[in-house]
Each structure stands twice: as structure tokens, then as C-alpha cells.
Amino acid sequence: MAKLLFITQKIDKNDDVLGVYHRWAEELAKKTNKLNIICLYKGESTLDKSINVFSLGKDERNLEIRNWKLEIIWKLKYVYRFYKYIFSIRKEYDTVLVHMNPIYLVLGGVFWKLMNKKIFLWYNHPMGNMLAMVGIFFSNKVFCTSPYSFSAKYKKTSLMPVGVDTNFFRPMPEISKNNRQVLYLGRISPIKKIEYLIEAAKILDNRSFDFKVLIVGSPSSSIVDKEYELKLKKMSADLLSRGKIEFRPAISNQKTPEVYNSSGVFVNLTPTGSFDKTILEAMACGLLVLVSNKTVEAIIPIAYKNRVIFKEENVGDLAEKIIAYTKITNNEQENITVFMRRLVVEKHSLVQLINKLAVFIEN
């Protein structure tokens, strides 16, 4: 079995967005002889003591204190620690898996090539830059989940399952469900196009439709994301005052199945090119889903496409699809949700992903 160095942004089982990669680490450890992890930020972890987790130090910072000199000092600390770690444990790994951040391949690619390490990059984003191209160049193999990802066009790229823990994300009949509650769950950022959901909500309100939109998530520390959240709340001020829209801050990844199961419809508006794991988490929890992403459209059978897919950035079509879901019979709803969960279990489960990764790591 291989000895793996896994490099990821954060190891924190409670993180609202990145908590899933704690589970990746748990499962990767079962498929490797030795697992070491380098992360930018280390939070709460229950990983086995045999797994070494090396933090570059973002968890040591007070992120509220920012100035350009301090930023440079911290970035230099990150780079110093990165080189210290990859060199000091060089005999403890023969394979490197870099998750989503090709900068680590720019920094360490030459060293790993000289040390004859196998190099894998997970890069699943619609946009790519010089860093991504350099990272792909150094990689023996590149992984993504979307055929519309920037990295998908390269011959060395393989399409992979998304990796949803279907034992954790599952229907929970004991939780009270509001079938008229429309859920968005994820990061608050312009790339998520949440404003279109708010505009669709205004259409529903004008048509006296009984509904509630629940938006669960927080912006990053960037000014752009924070200003975007303020814009969304300003857009929805009237609906907020009447309880038709509710904003809740990001919650621990461990609590998201409860939120999924309390809602009736899940909406994702991320443009084609990426594949938000929240879509498949919602499907695994037995929700009706609405998406405009062509990546998802490609895996949905024709019989269900008219239900699941709405026209990208078309608020009128989104509103109509939300209303249409409320008119289906209980039997039809069960047929859709049972099929969608089975699709995730059979094609995009965490077990499917780790088994496929293990094949590449071992060969």
C-alpha cells in the first residue's frame, strides 16, 4: 500500500464547507500504508493518532487583524513551514495528492519530481490560471468531477465521483419537514448566484404562493463576499420583514443533514463548470432539487430533467419549477427522491470515490 501525503485547505470536522475533507482523510487512511496531511488550517479533528496533521498556521492567526506587512509575514511563514514539512517527512510518503490548490505544486513540484514522487491534483473549477496550468503540468494525474471543469480538457484528467457520505447524508423521517420551504445551503459568494433565488422568491410572493426561502451560509472574510451578503439582504428586505426569507449563518458540516431534512426543495444556482457537493448531499437526504448546472443535467435521466433542471439565470423558470414541485403527488415525489438518492449511492458516494482514488494511488 502507498504512503500518501494529502495536502488540503482545512482539516476541521465542523467546518461548514470543508468539513467533508475530514471524512476523506478518514477513508484515505484505510487505503494507504501511511497518511500524512498538510493543511493551511487545522481545527477540530478526531483522526486516528497514526495520521500526522501538519498545519501551515492559519489557525494561529487573528484574522480580524489585517495589514499588508502582516499578510506578507504570514505568507512567508506558510511557505517556510510547507518546505520544512515536505522535506522533513520526505521518507514517509511516496505519493502526493494536492486538493484544489495548485500553488502547492508550483512550490513543491520540482522537489517532488526530483524525489520521484507520484503527484496527483484534484482541481474542479470552471476557471483556470497560470497556477492551475503549472500544477497540471507537474501532475501525473488530475481529477475533477465536472466535464466542464477547466482541468477536464487535459488528457491526464479523470472524472471522479463527488464523494458523498451516504450513511451520514440520508433521509431522517424523525425530523419535521416543511414541503414549502426552499433551501439554499452553502457559501455566500457572488459565484453562487443567490440573487436569482431572491428574485424568484419575489415572483412567488407576487403570485401569493405559500413559501419560505431559507438561506444558510456565511461569506468568507473577503470584502467582496461580505458586501455581496449585504446586497442580498437589502434586495430581500421586504420578504425578510414578512418571514418569507430567512438568513442563517453557516453551520457545522455535522448538522447539515438536519437542515436538508427539514426542507422540501433544495436550490443550487452555481454556474456550469463546478459540481457543488451540496446538490448531491441534498439528493442523498431525499430532497427534491432544482439546479441549472449542465454537469448535473448530464447525469439526470430524461424522464426527470424537466423537473430538476431550470434555465440558468432565469428567475421565471426557477419560480415555475418551484411551484410545479408543489403540485406533484406524494407517489411521484417519492419516486423522484428515491431515484435521486440511489443515483448518489451508486455513482457518487464517498466509498465509490475513495475506491477509485485508491486504484490510481496504488498503480
Side-chain angles (χ1 to χ4, degrees), residues 6-28 37-47 53 55-56 58-59 61 63 98-104 122-127 143-146 149 160-165 168-169 183-194 197 214-226 228-229 232 247-260 263 266-271 273-285 287 289 291 293 295-296 344 348 350 353:
F6 178 42
I7 303 179
T8 190
Q9 186 173 344
K10 182 181 282 192
I11 291 293
D12 184 351
K13 65 181 298 182
N14 291 323
D15 187 83
D16 58 310
V17 177
L18 302 175
V20 63
Y21 302 113
H22 187 280
R23 284 289 292 122
W24 277 37
E26 289 176 339
E27 295 302 318
L28 282 169
I37 301 172
I38 293 176
C39 57
L40 185 60
Y41 181 106
K42 180 182 178 183
E44 184 174 344
S45 171
T46 53
L47 295 175
V53 181
S55 171
L56 298 184
K58 192 171 183 179
D59 46 289
R61 293 184 56 178
L63 296 176
V98 175
H99 180 256
M100 283 304 291
N101 289 284
I103 182 62
Y104 297 118
W122 183 285
Y123 190 83
N124 196 56
H125 197 283
M127 304 299 292
F143 305 122
C144 66
T145 62
S146 170
S149 169
M160 303 293 283
V162 171
V164 174
D165 185 348
F168 182 65
F169 292 99
L183 173 67
Y184 167 83
L185 188 150
R187 184 163 52 93
I188 304 295
S189 176
I191 190 65
K192 303 300 182 180
K193 305 289 184 182
I194 306 167
L197 176 56
L214 176 60
I215 299 173
V216 180
S218 299
S220 70
S221 58
S222 78
I223 294 175
V224 171
D225 285 0
K226 288 182 176 180
Y228 180 66
E229 182 184 43
L232 294 178
F247 284 83
R248 292 183 194 171
I251 59 174
S252 163
N253 181 256
Q254 301 296 305
K255 296 179 180 179
T256 53
E258 298 174 20
V259 177
Y260 286 129
S263 302
F266 178 80
V267 175
N268 182 276
L269 306 103
T270 305
S274 59
F275 198 158
D276 282 0
K277 62 181 176 59
T278 54
I279 300 169
L280 297 184
E281 289 174 355
M283 288 167 61
C285 287
L287 264 75
V289 298
V291 298
N293 192 317
T295 305
V296 182
V344 178
H348 289 282
L350 183 61
L353 169 63

**OP:** Verify, without hydrogens or angle tests, whether Asn124 (side chain) and Ser146 (backbone) share a donor-acceptor contact under 3.5 angstrom.
**Re:** yes

Subject >> Member of Leu280, Leu350, Val164 meeting the side chain to side chain contact (heavy atoms under 4.5 Å, CB included) criterion with Phe169 >> reply: Val164

Subject >> Worked check of side chain to side chain contact (heavy atoms under 4.5 Å, CB included) between Trp24 and Ile37 >> reply: CA-CA 11 Å; Trp24 277 37; Ile37 301 172; over 6 Å; no

Original post:
Are the side chain of Asp276 and the backbone N or O of Thr278 linked by a donor-acceptor pair below 3.5 Å?
Top reply: no

Subject >> Polar side-chain atom of Thr8 near backbone of His99 as donor-acceptor pair, under 3.5 Å >> reply: no

**OP:** Kindly say whether Ile191 contributes a backbone atom to a donor-acceptor pair with the side chain of Tyr228 at under 3.5 angstrom?
**Re:** no

Original post:
Ignoring hydrogens and geometry, is there a side-chain-to-backbone donor-acceptor pair from His22 to Thr46 under 3.5 Å?
Top reply: yes

**OP:** Count the heavy atoms of every other residue, nucleotide or ligand shown that sit under 6.0 Å from NZ of Lys10, and state whether that count exceeds 12.
**Re:** yes

Original post:
Looking only at atom types and distance, does a side-chain atom of Asp59 sit under 3.5 Å from a main-chain N or O of Lys42, one as donor and one as acceptor?
Top reply: yes

Original post:
Is the closest basic N to carboxylate O distance between Lys226 and Glu229 below 4.0 Å?
Top reply: no

**OP:** Give a yes or no on whether the backbone of Glu44 and the side-chain of Asp12 come within a donor-acceptor separation of less than 3.5 Å.
**Re:** yes

Original post:
Ignoring hydrogens and geometry, is there a side-chain-to-backbone donor-acceptor pair from Asn268 to Thr270 under 3.5 Å?
Top reply: yes

**OP:** Please check if any side-chain donor atom of Asp225 sits under 3.5 Å from a side-chain acceptor atom of Ser189, or the reverse.
**Re:** yes

